[in-house]
Amino acid sequence: MIDNQNTLEKLYKANSVTLRSPRKIRGSVNIAPDKSISHRAAFLATLADGDSYIYNYLDGKDTINTLECLKQLGVKVHKDKEKIIIEGLGGKSLKESNDILNVGTSATTMRFLSGLVAPESFLTIITGTNRTIYRPMDRIISPLTMMGAQILGKQNNTLAPLAIRGKDLQGIDYSNDFPSGEVKTALILAALKAKGKTTIKSRLASRDHTERMLTIMGKNLEVSNEGKCIKINPLSSPLRPCDFKIPNEISVAVYWIVLGLVHPDSDLLIKNVGVNPTRTGLIDILEKMGANIKILNYREESNEPVGDIKVSSSKLKGVIIEESLYPRMVDEFPGFALAASLAEGVTIIKGATDLKNKKTNRIKSIVEEFSKLGAIVYKTEDGMIFEGVKYLNGNVCTSHGDHRTGNSLIMAGLVAEGVTKVENILPVARTSYPKIWDEIINICGKESIINFE
């Protein structure tokens with residue numbers, strides 16, 4: 001049991017935790033800042049003419065690696081308690097790094113860096129952890145090469161480490177079969193310093209945080225076909241420095257949202273959550289399943305929709321999730337698995353093949369770990385099928401080193417019968433949710449944490 005601050009600090013360094021369900025869940029939680037928007041704000045701030053101030057920047061391993069890589073490229077970054085300050089380079093070039101850029105576990109950082117350095121006249125080498133270097137990079141290498149970049153990578157230029165020799169780039173017309181906000185952003189970063197217009201088309205719309213940020217920084221993009229087509233002209237002048245306020249992440253809110261819905265006695269408010277329409281597929285699906293869920297205090301901050309999400313105990317029913325929804329809840333599937341496990345009837349997830357290419361193969365890990373807890377769930381070629389059960393049973397399970405899988409299993413332990421031990425939990429706090437244990441203790445009580453080691 002957590003009885004003092006020293007014990008809490010040890011919990012954050014623990015590799016496993018044993019949990020049980022609280023009798024009731026009440027209160028409000030202010031979750032972690034959005035990782036995806038934090039990355040983008042840092043990259044775009046480097047192109048501004050002056051200092052940009054980023055408030056509520058995620059203090060996680062991946063986003064810190066982004067700042068460290070930018071510093072290696074000559075970007076000046078300052079940090080205080082309230083904000084990150086980035087001195088934009090304006091029209092100046094980046095500097096060649098004296099060493100290899102190591103993104104750690106962040107494939108997002110690797111893809112964005114590739115777009116950023118592709119127009120620069122020097123050599124950049126980018127690597128990451130053993131898992132990261134097996135994340136697919138051909139999805140950005142191919143279009144950047146079409147623009148004139150010279151990129152070498154493993155396995156016929158599809159995997160990292162990457163060696164990028166900067167070149168003068170030309171704008172292209174590119175049709176992206178895979179709907180990815182990361183690919184789109186990498187190409188936008190390159191297109192801003194290319195010659196001529198770049199057009200990016202996709203079958204499905206993906207998250208549009210980059211487009212929203214560029215708008216408030218003075219760069220107008222041509223967006224059409226409901227976000228599926230974007231046209232970018234090169235910068236004629238540097239971007240305008242801005243104050244960015246990062247909303248809290250819906251991909252972290254999902255764990256509390258789902259816990260609040262499936263726990264038999266709950267009333268919970270998750271505050272200051274980004275509710276960008278390109279990210280709210282989860283809310284649409286949960287409403288379709290019969291969830292007691294509301295968005296309150298809706299407003300816009302730094303051109304991003306934000307709201308407080310109120311949830312309470314609900315009787316959920318199974319649903320079919322089609323491929324068209326995948327880009328709008330790509331990071332929420334591990335958290336959603338808890339809802340699907342306990343919903344009445346069958347829930348089918350289609351078109352989610354790319355879950356195999358995340359920090360782990362999330363289809364495989366979700367099926368393995370939730371099956372240990374008594375869920376009835378099967379792998380398919382492009383997703384999963386859940387047959388809802390009335391309750392989960394505590395057991396020993398593991399995050400597989402994936403922060404999102406770990407988060408979901410922790411929440412499962414807070415609703416399962418008996419006790420649940422979740423192993424390999426370090427990535428959770430270090431990657432995307434630095435204050436997870438403080439907030440679990442605040443909402444569920446310190447008695448919900450039985451042991452840790």
Side-chain angles (χ1 to χ4, degrees), residues 28-45 52-58 63 83 108 179-182 184-185 188 202 204-230 239-240 242-258 260-261 268-288 291-311 324-333 335-336 432-433:
S28 63
V29 58
N30 194 28
I31 56 167
D34 192 290
K35 184 156 71 83
S36 181
I37 300 178
S38 294
H39 282 303
R40 285 164 169 79
F43 274 91
L44 291 177
S52 291
Y53 298 83
I54 308 175
Y55 296 87
N56 203 38
Y57 188 88
L58 176 63
T63 46
K83 59 186 176 296
T108 300
S180 166
E182 287 185 6
K184 180 171 61 175
T185 296
I188 288 173
S202 182
L204 302 170
S206 57
R207 56 186 67 176
D208 65 354
H209 306 305
T210 304
E211 297 95 305
R212 288 174 178 267
M213 285 183 181
L214 283 171
T215 298
I216 62 175
M217 296 179 82
K219 177 63 178 175
N220 292 322
L221 307 177
E222 298 176 45
V223 181
S224 59
N225 194 20
E226 298 179 331
K228 299 173 190 175
C229 179
I230 299 171
L239 296 175
R240 182 170 59 232
C242 285
D243 291 357
F244 297 105
K245 186 175 182 181
I246 309 297
N248 291 336
E249 183 171 347
I250 195 165
S251 304
V252 173
V254 58
Y255 311 114
W256 288 105
I257 291 170
V258 170
L261 295 174
L268 189 59
L269 185 70
I270 306 100
K271 301 178 71 175
N272 305 316
V273 180
V275 288
N276 183 311
T278 63
R279 297 281 295 278
T280 52
L282 169 80
I283 293 175
D284 294 347
I285 283 296
L286 290 174
E287 287 178 337
K288 190 175 180 181
N292 297 321
I293 183 170
K294 296 179 180 178
I295 298 177
L296 309 175
N297 191 24
Y298 180 89
R299 69 269 190 199
E300 285 201 358
E301 296 177 351
S302 298
N303 206 27
E304 283 286 344
V306 181
D308 302 333
I309 301 177
K310 183 176 176 58
V311 296
S324 58
L325 201 64
Y326 178 82
R328 297 181 57 227
M329 61 180 294
V330 56
D331 288 329
E332 286 76 71
F333 282 104
F336 176 76
S432 65
Y433 201 170

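Computed from heavy atoms alone, side chains included, the values below leave out hydrogens, waters and symmetry copies.
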>> As an exercise, state the distance from OG1 of Thr280 to CD of Glu287, rounded to the nearest 0.5 Å.
In response: 9.0 Å
> Which atom pair, heavy atoms only, marks the closest approach of Ser251 to Val254?
Replying inline: O-CG1, 3.2 Å
> Under 4.5 Å between any side-chain heavy atoms of Ile188 and Leu214, yes or no?
Replying inline: yes
> For Arg240, what residues pass the side-chain hydrogen bond (donor to acceptor under 3.5 Å, both in side chains) criterion, not counting sequence neighbours?
Replying inline: none
>> Quick check for you: to the nearest 0.5 Å, what is the distance between Ile54 atom CD1 and Cys242 atom SG?
In response: 10.5 Å
>> Run the side chain to side chain donor-acceptor pair (under 3.5 Å) test on Asn56 and Asn248 for me, step by step, so that the C-alpha distance in whole Å, both residues' side-chain angles and the decisive distance to 0.1 Å come before the verdict.
In response: CA-CA 8 Å; Asn56 203 38; Asn248 291 336; 3.2 Å; yes
> Between Asn303 and Pro305, which heavy-atom pair has the shortest distance, and what is it?
Replying inline: O-CD, 4.1 Å
> Would you find more than 12 non-hydrogen atoms of other residues, nucleotides or ligands less than 6.0 Å from Lys310 atom NZ?
Replying inline: yes
> Mind checking whether Leu58 and Ile246 have side chains closer than 4.5 Å, heavy atoms only?
Replying inline: no
> Is the number of heavy atoms from other residues, nucleotides or ligands under 6.0 Å of Glu226 CD greater than 12?
Replying inline: no
>> Before you tell me yes or no, could you show the steps for Val275 and Ile309 under side-chain contact (heavy atoms from CB on, under 4.5 Å), namely the whole-Å CA-CA distance, both residues' side-chain angles and the distance that decides it to 0.1 Å?
In response: CA-CA 9 Å; Val275 288; Ile309 301 177; 4.3 Å; yes
>> Ignoring hydrogens, what is the shortest heavy-atom contact between Ser432 and Ala32? Give both atom names and the distance.
In response: O-CB, 3.1 Å
> Measuring from Tyr433:OH to Lys35:NZ, what's the distance to the nearest 0.5 Å?
Replying inline: 15.0 Å
>> Using modelled atom types and a 3.5 Å cut-off, is there a donor and acceptor pairing between side-chain atoms of Ser302 and backbone atoms of Glu304?
In response: no
> Can you tell if the side chain of Thr278 reaches within under 4.5 Å of the side chain of Pro327, non-hydrogen atoms only?
Replying inline: no
> Do Pro247 and Ile37 come close enough that some side-chain heavy atom pair is under 4.5 Å?
Replying inline: yes
> salt bridge (charged side-chain N to carboxylate O under 4.0 Å, His left out): which pairs involve residues 204-214, sequence neighbours left out?
Replying inline: Lys184-Glu211, Arg207-Asp331, Asp208-Arg212
> Residues in salt bridge (charged side-chain N to carboxylate O under 4.0 Å, His left out) with Lys271, at least two apart?
Replying inline: none
>> If we ignore hydrogens and angles and just use 3.5 Å, is the side chain of Asp308 paired with the main-chain N or O of Asn272 as donor and acceptor?
In response: yes
> Which heavy atom of Tyr255 sits nearest a heavy atom of Val252, and at what distance?
Replying inline: CD1-O, 3.0 Å
>> Quick one about Arg328 and Asn276 (side-chain donor to acceptor, distance below 3.5 Å, no hydrogens or angles considered), yes or no?
In response: no
> Any side-chain heavy-atom pair from Asp34 and Arg279 closer than 4.5 angstrom?
Replying inline: yes
> Have Ser38 and Thr63 got a donor and an acceptor in their side chains that come within less than 3.5 Å?
Replying inline: no
> Can you name the nearest heavy-atom pair linking Val29 to Trp256, along with the distance?
Replying inline: CG2-NE1, 4.0 Å
> Between atom OG of Ser206 and atom CD1 of Ile230, what is the distance when rounded to the nearest 0.5 Å?
Replying inline: 7.0 Å
> In Å, rounded to the nearest 0.5 Å, how long is the span from CD1 of Ile216 to CG of Asp243?
Replying inline: 9.0 Å
> What distance separates His39 NE2 from Glu182 CD, expressed to the nearest 0.5 Å?
Replying inline: 8.0 Å
> How are the rings of Phe333 and Phe336 set to each other: parallel, tilted or perpendicular (split at 30° and 60°)?
Replying inline: perpendicular
> Do Val306 and Val273 have side chains that get closer than 4.5 Å, going by heavy atoms?
Replying inline: no
>> Would you say that Pro33 contacts Tyr57 through its side chain, given a criterion of any heavy-atom pair below 4.5 Å between the two side chains?
In response: no
> What heavy-atom pair brings Val258 and Gly335 nearest, and what distance separates the two atoms?
Replying inline: CG2-O, 3.7 Å
